[in-house]
Amino acid sequence: MAVDYTTHDGVAVITLNNPPVNGLGLSTRAGIVEGIERAQQDPAVTAIVLTGAGKAFSGGADITEFNTPKATQEPTLGTVIKAVEGSAKPVVAAIHSVAMGGGLELALGAHYRIAAVGAQIALPEVKLGILPGAGGTQRLPRAIGLEAALNMIVSGNVVMSEKLAGSGLFDEVVEGDLAKAALAFATKVGAQKGPHPKVRDRKIVHAEAQGFIQFARNTVATLAKQFPAPHKCIDAVEAGVLNGFDKGLAVERECFMALVQTPESRALRHAFFGERAASKIPDVPSDTPVRDIKSVAVIGAGTMGGGIAMNFLNAGIPVTLLETKQDALDRGLATIRKNYEGNVKKGKLTADALEQRLALLRPTLSYDDLKNADLIVEAVFEELGVKEQVFRQLDEVAKSGAILASNTSTLDVNRIAAFTKRPQDVIGMHFFSPANVMKLLEVVRGEHTSKDVLATVMKLAKKIRKTAVVSGVCDGFIGNRMVEQYIRQALFMLEEGALPAQVDKAIEKFGFAMGPFRMSDLAGNDIGWAIRKRRYQEQPDMHYSKIADRLCETGRFGQKTGGGWYDYKAGDRNAHPSKLVDDMIVAYSQETGATRRKISDDEIVERLVFALANEGAKILEEGIASKASDIDMVYLTGYGFPLYRGGPMLYADTVGLYNVERAIRRYASQPNGDAWKAASSIGELAQQGRGFNR
Ligand code: 3HC
Ligand code: NAI
């Protein structure tokens, strides 16, 4: 049973009991209506308390029911709220921990609301690409005023209950025992004559309602270009302001039904569940014991090491930072301080917090200082010889049970583990640059990595606020292995007729934060060059356009050398198309005998995105990633893939795998077609009418 019903001295208590967050699925909704009716029929009951068991009042509608028959089956949430609001006996919502979305809308249907201090209050639907669909756009403005409500609805952000004390939302915000306070309040109002107040009957008072709504529209137009939901939130609120509660409710309903079907909403829900699914590893049960991580050591205070250390300092975990030379250590420390000072300047951190964080940092030149660390993350030069030296030393000094992690981006984690006598304790923790900012952490599971090490690192990732995705060992892991195919296609298209600015523009219009050529100029074209040189040795039959090598031979490594695929002016990071480079590309095509043609923007997008999805499919087939949503999370959090498209795998599903396979076959028959080897699962899934994600 998803709802409990008890009585206490004339007060009926209806307790949502649908773990983990009392989502308002069908059986919970039905249970609430039953409880309300039962209370009406019991003459001994004078009032009703509505609350939630466990860790939430309610996290809202059950998102897993969306687009299933259960979502619209009666009693819908609208019907439930009507029953609550229509109760002849007063209903008191007793809110603790979390009241979000439909949960808050349910509480707004009650006659009174009492909240515990520390409860998170929000209408976060917009973050799922929808709008509050059970009266939230109508009742919240009536409860807390137009401006505050519209801000909450359009942003989806959490406001703490104590901040809303006195706003008109709560009758009381209590510090102590919520259940006791709610029972006392219910007994009191139960003794009062009805009718009891309804939020829907309140008026929205605002001297400049239309002006404010227009202001909100202008803001949304610039901030939420690709997302339809924020605009619809304003439409629904405006309808209520202009035409009253019932008309507003009807517009809200209409908008909700339309939004829930949009690809943007599907993508956002996919990301919500994908983020949570990423922490679930098929053969590592959720109750796997984890190791205690109370202190961390980082080796190497360069670009990555400093950022990695900051993650742990931010979470209050002491860090020992080791370098080989004092000047390198000093440089690393100065960069960390500078980054924190930047945060203070931006108002993101207080000066006190800065000092507290730095006080947790212990610089050293001696491996002896690492012997108490529970986790050691290596971020030294990307050379196997250097890694070997470091890991052999770690094996000597690290305490038994310490986790030894490498931040390598290209080397074989199994080989690194073999430098120690404890490969079960070795794992890859592949952070992205800048490591203190980027959300993504690829957790690389070696052949011998033990399950508790994996579970510990996944838990720790949550603590340092990363989105951790598990990858098996392969060249490039999930993200960089896929991006290599994407870059290959981008380079082939230059040879075949496109120019860097056209390619970048097309994929940026699709929604990528940055196209491949602007990205390479930022990261440094020499990095890709080094990888290709290795490829020429290791996989001589892998066909690569040599155009990027030509560029590198001229020393154009990107922003850092003042020029790459584009020209850069001193002190200006804007990319300006380079006549010199464009001429070089055209000359290269002539030299290789390629017939330059006009490549459409659609072709550019297809070739880039399908190259990602195709390699992603192979990664799934090989078991390097355990589910398609993991791959999407890598791309959404680490590679600037547009959130509203949900990642390369979901995008391929949206296009349809039948269509993806046809396109791949077509590209395989064009020049440079040997780069296209369709993953067999694409055709197989297409035949079954399935996608990667269902
Ligand atoms: N529906 C279904 N499942 C939900 C859910 C929901 N609304 N909210 C959370 N869950 C699930 C999660 O998927 C997760 O499942 P798992 O354990 O199987 O992975 C579990 O609950 C716990 O979630 P978290 O790991 O996120 O737990 P936290 O304690 O960190 O956070 C929370 C709890 C703040 C409630 C957070 O889960 C959250 O923000 N949930 C989404 C809230 C939301 O968007 N509500 C609006 C829903 S839409 C709606 O109400 C429409 C209405 O207007 C008609
Ligand atoms: P870096 O060159 O900026 O820093 C490396 C640091 O390690 C230097 O400060 C050096 O003095 C120090 N070092 C070298 N040998 C050492 C040793 N034996 N003991 C202690 N310290 C030593 O390099 P970066 O970019 O920080 O890369 C570090 C690692 O992170 C590499 O494995 C790299 O592949 C990986 N990585 C780099 C990313 C990037 O964008 N730069 C992204 C993800 C991973």
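Counting starts at 1 for both ligands and their atoms, following the listed order.
Note: Phe557 and Trp529 have tilted aromatic rings, judged against thresholds of 30 and 60 degrees for the angle between ring planes. Using bins of under 30°, 30° to 60° and over 60° for the plane-to-plane angle, the ring pair Tyr639/Tyr635 lands in the parallel bin.
The protein heavy atom nearest to atom 15 (O) of ligand 1 is Pro20 CG, 4.4 Å.
Judged by distance alone, with hydrogens and angles left aside, the side-chain atoms of Arg200 form no donor-acceptor pair with the main-chain N or O of Gln138 at under 3.5 Å. Judged purely by atom type and a 3.5 angstrom limit, Arg139 has no side-chain atom pairing as donor or acceptor with the backbone of Val199. Using a distance-only test at 3.5 Å, with no hydrogens or angles considered, a donor-acceptor pair links the side chain of Ser161 to the main chain of Gly118. A donor-acceptor distance shorter than 3.5 angstrom exists from the side chain of Lys466 to the backbone of Met438, with no hydrogens or angles considered. Of the possible polar contacts, none joining the Asn407 side chain to the Glu378 backbone as a donor-acceptor pair under 3.5 Å is found.
Listed by atom number, the atoms of ligand 1 under 4.0 Å from Pro132 heavy atoms are 53 (O). Those atoms of ligand 1 with a heavy atom of Glu105 less than 4.0 angstrom away are 52 (C), 53 (O), 54 (C). Each of the atoms 50 (O) of ligand 1 lies under 4.0 Å from some heavy atom of Gly60. Contact atoms of ligand 1 toward Phe273: 13 (O) (distance under 4.0 Å to a heavy atom of the residue).
Considering backbone and side-chain atoms together, Gly102 places an N or O closer than 3.5 Å to an N or O of ligand 1. Polar contact with ligand 1: present for Gly133 (N/O pair, distance under 3.5 Å). Ligand 1 has no nitrogen or oxygen under 3.5 angstrom from a nitrogen or oxygen of Thr64. Taking distance alone, with nitrogen or oxygen atoms compared against 3.5 Å, Glu125 approaches ligand 1 more closely than that limit. The shortest N/O to N/O separation between Lys462 and ligand 1 does not fall below 3.5 Å. Considering backbone and side-chain atoms alike, Ile63 places an N or O below 3.5 Å from some N or O of ligand 1. An N or O contact shorter than 3.5 Å links Ala61 to ligand 1 by distance. No N or O atom of Ile130 sits closer than 3.5 Å to an N or O atom of ligand 1.
Inspection of the Thr262 and Arg266 side chains reveals no N or O donor paired with an N or O acceptor under 3.5 Å.
At least one heavy atom of Gly101 lies less than 4.0 angstrom from ligand 1. In this structure, Lys280 is part of the shell of residues with a heavy atom less than 4.0 angstrom from ligand 1. Within the 4.0 Å heavy-atom cutoff, Pro124 counts among the residues contacting ligand 1. Distances from ligand 1 to the non-hydrogen atoms of Gln120 include no value under 4.0 Å. No heavy atom of Gly136 sits closer than 4.0 Å to any atom of ligand 1.
A cation-pi arrangement, defined by a distance under 6.0 Å to the six-membered ring centre and an angle within 45 degrees of its axis, is present between Arg276 and Phe272.
At a heavy-atom distance under 4.0 Å, only side-chain atoms of Val21, from C-beta outward, approach ligand 1. For Leu24, no heavy-atom contact with ligand 1 is shorter than 4.0 Å.
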Exercise answer, ligand 2 polar atom pairs (N/O) under 3.5 angstrom:
residue  : atom   : partner : partner atom : Å
ligand 2 : 3 (O)  : Thr303  : N            : 2.9
ligand 2 : 3 (O)  : Thr303  : OG1          : 3.0
ligand 2 : 9 (O)  : Glu323  : OE2          : 2.5
ligand 2 : 11 (O) : Glu323  : OE1          : 2.8
ligand 2 : 11 (O) : Glu323  : OE2          : 3.2
ligand 2 : 26 (O) : Thr303  : N            : 3.3
ligand 2 : 26 (O) : Met304  : N            : 2.8
ligand 2 : 30 (O) : Asn407  : ND2          : 2.8
ligand 2 : 32 (O) : Val380  : O            : 3.3
ligand 2 : 32 (O) : Glu382  : OE1          : 2.5
ligand 2 : 32 (O) : Lys387  : NZ           : 2.7
ligand 2 : 34 (O) : Glu382  : OE1          : 2.9
ligand 2 : 34 (O) : Glu382  : OE2          : 3.4
ligand 2 : 34 (O) : Ser409  : OG           : 2.9

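Electrostatic pairing of Glu388 and Arg392 counts as a salt bridge here, judged by a charged N lying under 4.0 Å from a carboxylate O.
Side-chain contact between Ser471 and His430 is absent, with no heavy atoms from C-beta onward closer than 4.5 Å.
A centroid separation of less than 6.0 Å is found between the aromatic rings of Phe512 and Tyr486.
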(request) Show the numbers, then the answer: is there a side chain to side chain donor-acceptor pair (under 3.5 Å) between Tyr340 and Asn314? (result) CA-CA 10 Å; Tyr340 276 136; Asn314 294 346; 2.5 Å; yes

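Comparing heavy-atom distances from atom 3 (N) of ligand 1 across Leu123, Ile81, Asp62 singles out Asp62 as nearest.
Annotation for Arg415: atom CZ does not count as buried by contact number, only 12 or fewer foreign heavy atoms lying within 6.0 Å.
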